[in-house]
2 protein chains.
Amino acid sequence: MSTGAVYIVDDDEAIRDALAWLFQSRGVDVETFVSAEAFLDKWSPGTSGCLVLDIRMAGMTGLELFDRLREMGARLPVIFLTGHGDVPMAVSALKKGARDFVEKPFNDNDLVDMVIDALAWEATQRENAADAASLAARLASLTLRERQVMERVLAGKLNKVIADDLGITMRTVEVHRAHLFEKMGVKTAVELAQLMSTRR
Amino acid sequence: MSTGAVYIVDDDEAIRDALAWLFQSRGVDVETFVSAEAFLDKWSPGTSGCLVLDIRMAGMTGLELFDRLREMGARLPVIFLTGHGDVPMAVSALKKGARDFVEKPFNDNDLVDMVIDALAWEATQRENAADAASLAARLASLTLRERQVMERVLAGKLNKVIADDLGITMRTVEVHRAHLFEKMGVKTAVELAQLMSTRR
DNA sequence: ACAGGCATTGCGGATGACCACACTGGTCAC
DNA sequence: GTGACCAGTGTGGTCATCCGCAATGCCTGT
């Protein structure tokens with residue numbers, strides 16, 4: 001798992017080149033795009049990294065690309081660059097989850113530091129998302145009965161009560177319980193509770 | 001528990017009065033302050049509500065008041081008002097946790113809506129903080145041994161193993177276990193795990 | 001038709017959790 | 001010094017959990 005690259009989207013070739021050189025010189029992988037559309041072509045749910053996005057571009061603007069990516073489920077951190085941004089635009093972008101909003105001219109080193117932070121953040125987010133997905137998958141693999149038993153185990157009910165509750169025998173509850181513990185990859189009810197509590 | 005008031009800090013009397021009237025007409029409790037210093041006098045850790053803060057004021061500026069409050073542990077949501085803010089100022093304020101950053105002239109209704117949202121948010125935050133404090137208090141009431149046993153219970157260890165671990169008898173572990181369950185207000189290990197997992 | 005997964009149940013035993021009762025010893029505060 | 005609190009221990013019993021072994025009925029896909 002290497003940490004992702006920085007994706008620079010700007011229709012000004014001079015800026016693309018300058019930024020690409022800047023990041024490369026600091027050891028950050030870079031890919032550049034001439035337009036929002038070009039990045040959308042490249043993007044897939046597996047794309048990992050950080051976006052540096054010019055606001056004002058021909059065609060789709062940076063803000064529009066940002067919205068589009070969010071709609072498509074992208075969770076990449078986005079740093080906006082702008083020559084002459086206004087306050088409402090900056091506020092709206094940040095409130096929608098942009099990572100930062102930087103006016104040109106900016107300090108090169110600061111930008112690289114921001115990107116490096118964003119890359120690290122994105123990597124941990126990606127891990128968390130993977131954990132959540134794995135948990136969801138395991139949850140989905142449970143049968144109806146197993147889910148019903150799990151709910152009641154998490155509610156602290158005794159097997160006897162659960163059995164009564166579901167109109168089945170204690171022995172059957174035990175079987176379901178063992179199965180769901182197996183599927184969820186836990187050995188005790190305590191572990192199960194922790195697993196289910198952290199992510200929600 | 002009523003939801004808190006909106007605290008308006010602005011050195012322009014006309015604006016204070018206009019905002020006070022605006023909020024009152026929408027049923028929101030209002031208090032106004034002529035300066036950042038005046039609000040600091042009034043503030044205490046129990047102060048509940050939402051701040052509407054002019055940036056440019058004689059004496060301490062809105063941004064300085066914001067920083068000062070954060071240092072003192074205040075978690076009040078803050079909405080900044082500014083006549084001529086610049087982008088870096090807005091970005092910095094939002095990244096430091098300001099709720100919003102609004103340029104004059106602004107839409108009255110939008111501001112009230114923002115404040116109402118902020119008040120609701122603050123109320124739930126306050127509840128969460130109270131729960132966390134109560135949990136911390138209960139945790140602090142545990143004796144050393146009880147904490148040691150709790151850790152190991154949460155690690156899914158059996159009483160036998162815990163006993164071995166701590167060099168004491170199973171019986172003693174059972175006693176500590178019962179005591180800590182009592183103090184933490186839970187009846188089962190599962191409840192304990194849920195209690196400890198949600199807040200961390 | 002047959003394999004495989006799911007839900008169900010029974011029996012019995014090993015192990016663990018929980019509890020009431022009883023007792024020792026140390027520290028700390030009033 | 002006496003009471004409150006903490007830590008530690010024992011006996012004995014009840015209830016719960018966990019497992020292996022064995023079996024039945026249903027449904028689905030090959």
Side-chain angles (χ1 to χ4, degrees), chain A residues 131-200, chain B residues 131-200:
Chain A
D131 289 350
S134 136
L135 179 60
R138 280 175 285 166
L139 228 37
S141 79
L142 298 181
T143 67
L144 173 61
R145 271 304 200 217
E146 286 161 356
R147 260 192 298 279
Q148 291 172 330
V149 170
M150 187 178 80
E151 279 175 24
R152 289 162 174 78
V153 167
L154 290 176
K157 296 187 179 182
L158 298 178
N159 286 352
K160 188 202 298 187
V161 178
I162 298 175
D164 215 72
D165 216 356
L166 298 177
I168 56 182
T169 319
M170 254 186 63
R171 187 64 188 88
T172 308
V173 174
E174 287 170 19
V175 172
H176 290 318
R177 187 179 173 129
H179 283 162
L180 80 91
F181 275 28
E182 166 93 15
K183 285 185 182 175
M184 298 303 291
V186 299
K187 290 187 64 61
T188 68
V190 170
E191 279 181 61
L192 183 65
Q194 288 168 340
L195 191 62
M196 297 283 90
S197 291
T198 50
R199 334 246 158 221
R200 190 173 14 165
Chain B
D131 289 350
S134 136
L135 179 60
R138 279 175 288 166
L139 227 37
S141 79
L142 298 182
T143 66
L144 173 61
R145 271 307 199 216
E146 285 161 357
R147 259 191 300 279
Q148 292 173 330
V149 171
M150 187 178 81
E151 277 175 26
R152 289 163 174 78
V153 168
L154 290 176
K157 297 187 177 182
L158 298 178
N159 285 353
K160 188 202 297 188
V161 179
I162 298 175
D164 216 72
D165 216 357
L166 298 177
I168 55 183
T169 317
M170 253 187 65
R171 187 63 190 85
T172 308
V173 173
E174 287 173 19
V175 172
H176 289 316
R177 186 178 174 131
H179 282 164
L180 81 91
F181 275 29
E182 167 92 14
K183 286 185 182 174
M184 298 302 291
V186 298
K187 290 186 66 61
T188 68
V190 170
E191 280 180 59
L192 183 65
Q194 289 168 339
L195 191 62
M196 298 282 87
S197 290
T198 51
R199 334 246 159 219
R200 186 169 19 163

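As the structure is a prediction and not an experimental result, all values here were calculated from the model. In what follows, chains are A, B, ... by sequence order, proteins preceding strands, each numbered from 1.
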So what does [X] touch, heavy atoms closer than 4.0 Å: a base, only the sugar-phosphate, or nothing?
X       : answer
M170(A) : base
H179(B) : nothing
T169(A) : sugar-phosphate
T172(B) : base

Please state how far atom [atom1] in [X] lies from atom [atom2] in [N], giving the value in whole angstrom units.
X       : N       : atom1 : atom2 : result
F181(A) : dT17(D) : CZ    : C1'   : 10 Å
I162(B) : dT9(D)  : CD1   : C1'   : 17 Å
K183(B) : dA7(D)  : NZ    : P     : 7 Å
L158(B) : dA16(D) : CG    : C1'   : 14 Å
L166(A) : dT9(C)  : CG    : C1'   : 15 Å
Q148(B) : dG8(D)  : CD    : C1'   : 13 Å
L144(B) : dA7(D)  : CG    : P     : 7 Å
D165(A) : dT8(C)  : CG    : P     : 13 Å

Considering only [options], which nucleotide approaches the side chain of [X] most closely?
X       : options                 : result
V175(B) : dA16(D), dA7(D), dT9(D) : dT9(D)
N159(A) : dT9(C), dA7(C), dC18(D) : dC18(D)
R145(B) : dA7(D), dC18(C), dC6(C) : dA7(D)

Atom of [X], atom of [Y] and distance for their closest heavy-atom approach:
X       : Y       : value
T188(A) : G156(B) : CG2-O, 4.1 Å
I168(A) : R145(A) : CG2-NH2, 3.6 Å
L180(B) : M150(B) : CD2-N, 3.7 Å
A193(B) : Q194(A) : CB-CG, 3.9 Å
L192(A) : F181(A) : CD2-CE1, 4.0 Å

Scan E191(B), M196(B), E146(B) and name whichever one has a side chain to side chain contact (heavy atoms under 4.5 Å, CB included) with M184(B). M196(B)
Partner of R152(A) by side chain to side chain contact (heavy atoms under 4.5 Å, CB included), out of V161(A), L166(A), L158(A): L166(A)
To the nearest 10°, give me the bend of the helix from dA1(C)-dT30(D) to dC30(C)-dG1(D), comparing the axes of its five terminal pairs at either end. 40°
Starting at the 5' end of DNA chain D and moving along, which residue's nearest nucleotide shows up first, S141(B) or G167(B)? S141(B)
Got Q148(B) and I162(B) here, is their nearest side-chain heavy-atom distance under 4.5 Å? no
Indicate whether OP1 or OP2 belonging to dG8(D) is found under 4.0 Å from a side-chain N or O atom of H176(B). yes
Look at K160(A) and dC15(D) and indicate whether a side-chain polar atom (N or O) is within less than 4.0 Å of OP1 or OP2. no
Will you find, in the side chains of S134(A) and R138(A), an N or O donor that is under 3.5 Å from an N or O acceptor? yes
For nucleotides 11-13 of chain D, give me every protein contact, N/O to N/O, under 3.5 Å, one pair per line with atom names.
residue : atom : partner : partner atom : Å
dT11(D) : O4   : R171(B) : NE           : 3.2

Any salt bridge between E174(A) and R171(A), counting N to O under 4.0 Å? yes
